[in-house]
Amino acid sequence: MKDTTAGTAAGDGIKPWSSGGSHLWARRAMQLTMFLVGFAVLWMFLYNTASPFGFPGFSHYYIDESAKVGYDPKLASVLRNACMKDKTVIITTLNDAWAEPGSIFDLFLESFRLGNQTKKFLNHLVVITWDQKAHARCLALHKHCYQVETKGDNFTGEAFFMTADYLHMMWRRIEFLGTVLDMGYNFVFTDTDIMWLRDPFKQFYKDTDFQIACDFFNGNSYDLNNHPNGGFNYVKSNKRTILFYKFWFNSRNAYPKLHDQDVLNKIKKDSFVSNMKLKVRFLSTSYFGGFCQHAEDFNKVSTMHANCCVGLENKVNDLKILLEDWKKYVALPESKKNQSHPSWSVSCRTSFERAKQKKQKNKGRLRRALVVTV
């Protein structure tokens, strides 16, 4: 029988492959496959080291809902009982040193009662305690308290700025707040040395993921060159903020000698943050002031922070003075509140001067003691 297939192919001008040609095509296919595999491996390597600071890339922080570990039922219960209708809670942290009677915690709670329409927020305040004594004190004064596990760390005493205990406490706080976001709750975090004088929600920006107070505000809420203060921020729970808090917490390894606020200043311009499209705004000190930069207008101020104030004793003294200033303002007739121009009696300068005088006084006592012993 005649092979009609071969004849037709020859008649059409198509030559059958030779064995040499098939080997050539096989080699080229193999080379192409090896190139694609190599390119894929290189791409994954670069993708996972995309940050100029050497931090893992987006894929490292991908949140797999099915892989999440179970959360402490006690924490879930506290957050559920304290949250607002939109699942927002107000969070502060407390250790034994700041929980002592007459100390920071008492002043903090008093500010909610003295503030203009702020008492209602106590129903949504969750106090995170670092030790058993602080937790017992919290329960005696407040209904929403949760003691966080500190894995053998001792956070009971005053954590002096930039000591190992201070740094560990600050990073544990960032880690915990990330967990709250991961659980689906928005939060306003507030340091306990912040006095709540008006409803801050009226001054928060709409459609913003992460907004934070400043030590010094330059007038532009979008400008990343502002000096943020991690003691007060409003964060909405979504994939961007959950990812951002993981990134922020993991960034501590790249800057082991810096605290969370300074690390935030390092990473806020990182391409990793800009690529995740995180919506960031900085809060004006006209409404969210402090001892570094006052909220000068008593008719506008929402919160006042004892920042730029060194030492627990100094903070307590200055916050007592601040609340007395506020009481005098509140006692004014409504007709005079807009006409008067009250000013705060405290500043970071008074705190530093008081600390300096105390240091000199202690040195004088030491000299006298040495003279007596000699």
Side-chain angles (χ1 to χ4, degrees), residues 92-115 127 129-131 133-134 137-138 141 154-170 173 189-197 213-217 227-232 259-262 285 288-296 298 301-329 342-366:
T92 194
T93 55
L94 186 68
N95 71 342
D96 179 41
W98 284 35
E100 289 290 329
S103 191
I104 297 289
F105 188 47
D106 286 1
L107 296 172
F108 178 67
L109 296 178
E110 184 181 1
S111 75
F112 283 87
R113 293 187 283 267
L114 293 174
V127 181
T129 59
W130 296 117
D131 57 83
K133 288 185 68 176
R137 172 75 172 150
C138 177
L141 299 176
N154 184 4
F155 293 151
T156 58
E158 181 179 0
F160 294 99
F161 185 67
M162 293 308 293
T163 60
D165 284 344
Y166 174 86
L167 291 174
H168 197 179
M169 188 184 296
M170 293 302 101
R173 184 177 79 183
F189 177 79
T190 171
D191 273 345
T192 321
D193 62 344
I194 292 178
M195 303 293 101
W196 283 54
L197 305 176
C214 299
D215 284 331
F216 299 97
F217 180 67
H227 296 274
N229 186 297
F232 189 88
H259 60 75
D260 60 309
Q261 188 170 301
D262 283 343
T285 50
F288 303 92
F291 294 171
C292 299
Q293 193 173 62
H294 287 170
E296 297 291 354
F298 277 53
V301 59
S302 291
T303 62
M304 279 287 285
H305 190 181
N307 52 4
C308 292
C309 186
V310 180
L312 176 58
E313 183 180 348
N314 279 325
K315 285 181 181 288
V316 170
N317 288 335
D318 286 355
L319 288 175
K320 286 180 178 179
I321 296 171
L322 185 150
L323 288 181
E324 287 301 318
D325 289 341
W326 179 254
K327 288 177 185 178
K328 292 176 183 177
Y329 163 78
S343 60
W344 303 106
S345 303
V346 291
S347 68
C348 60
R349 182 179 301 174
T350 59
S351 299
F352 282 115
E353 285 297 323
R354 190 185 300 116
K356 184 178 178 181
Q357 292 172 4
K358 184 177 180 180
K359 187 175 181 180
Q360 291 174 343
K361 190 175 182 179
N362 289 336
K363 283 184 177 180
R365 290 176 178 172
L366 179 60

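This is a predicted model, so every value here is computed, not measured.
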Search all heavy atoms of [X] against all heavy atoms of [Y] and return the closest pair with its distance.
| X | Y | result |
| --- | --- | --- |
| Tyr329 | Pro342 | CD1-CG, 4.2 Å |
| Cys138 | Val127 | SG-CB, 3.5 Å |
| Thr285 | Asp215 | CG2-O, 4.3 Å |
| Val316 | Gly102 | CG1-O, 3.8 Å |

Quiz item: Is the Phe298 ring parallel, tilted or perpendicular to the Trp326 ring (thresholds 30°, 60°)?
Solution: parallel
Exercise. Could you label the plane-to-plane angle of the His227 and Phe216 rings as parallel, tilted or perpendicular, counting under 30° as parallel and over 60° as perpendicular?
Key: perpendicular
Side chain to side chain, [X] and [Y], heavy atoms closer than 4.5 Å:
| X | Y | value |
| --- | --- | --- |
| Leu109 | Leu141 | yes |
| Phe108 | Asp191 | no |
| Leu197 | Thr303 | no |
| Ser103 | Leu312 | yes |
| Asn95 | Lys133 | no |
| Cys214 | Asn229 | no |
| Met195 | Leu322 | yes |

Quiz item: So, the side chain of Gln261 versus the backbone of Pro228: is there a donor-acceptor pair under 3.5 Å, distance only?
Solution: yes
Quiz item: Quick check: does any side chain N or O of His294 sit under 3.5 Å from a backbone N or O of Val346, one acting as donor and the other as acceptor?
Solution: yes
Quiz item: Between Asp106 and Arg137, is the closest basic N to carboxylate O distance under 4.0 Å?
Solution: yes
Quiz item: Between Glu110 and Arg113, is there a side-chain N and carboxylate O pair less than 4.0 Å apart?
Solution: no
Calculate, to the nearest 0.5 Å, the distance between atoms [atom1] and [atom2] belonging to [X] and [Y] respectively.
| X | Y | atom1 | atom2 | result |
| --- | --- | --- | --- | --- |
| Asn317 | Cys309 | CG | SG | 8.5 Å |
| Leu107 | Asp193 | CG | CG | 10.0 Å |
| Ser111 | Ile194 | OG | CD1 | 9.5 Å |
| Ser345 | Asp318 | OG | CG | 10.0 Å |

Quiz item: Cut-off 3.5 Å, side chains only: do Thr192 and Thr92 have a donor facing an acceptor?
Solution: yes
Quiz item: Using a distance-only test with no angle check, is there a side-chain donor-acceptor pair under 3.5 angstrom linking Gln293 and Asn307?
Solution: no
Quiz prompt | ring pair (Phe, Tyr, Trp, His ring centres under 6.0 Å) partners for Phe288, two or more places apart | solution = Phe204, Phe232
Quiz prompt | CA sep, side-chain torsions, deciding dist, call: Trp196, Thr190, side chain to side chain contact (heavy atoms under 4.5 Å, CB included) | solution = CA-CA 9 Å; Trp196 283 54; Thr190 171; 3.2 Å; yes
Self-check item: Phe105 and Trp98: CA distance, side-chain angles, deciding distance, ring pair (Phe, Tyr, Trp, His ring centres under 6.0 Å) verdict
Solution: CA-CA 6 Å; Phe105 188 47; Trp98 284 35; over 10 Å; no
Quiz item: Knowing that exactly one of Lys327, Lys320, Lys328 qualifies, which makes a side chain to side chain donor-acceptor pair (under 3.5 Å) with Glu324?
Solution: Lys327
Exercise. Apply side chain to side chain contact (heavy atoms under 4.5 Å, CB included) to Leu114 and Leu323, showing your working.
Key: CA-CA 8 Å; Leu114 293 174; Leu323 288 181; 4.3 Å; yes
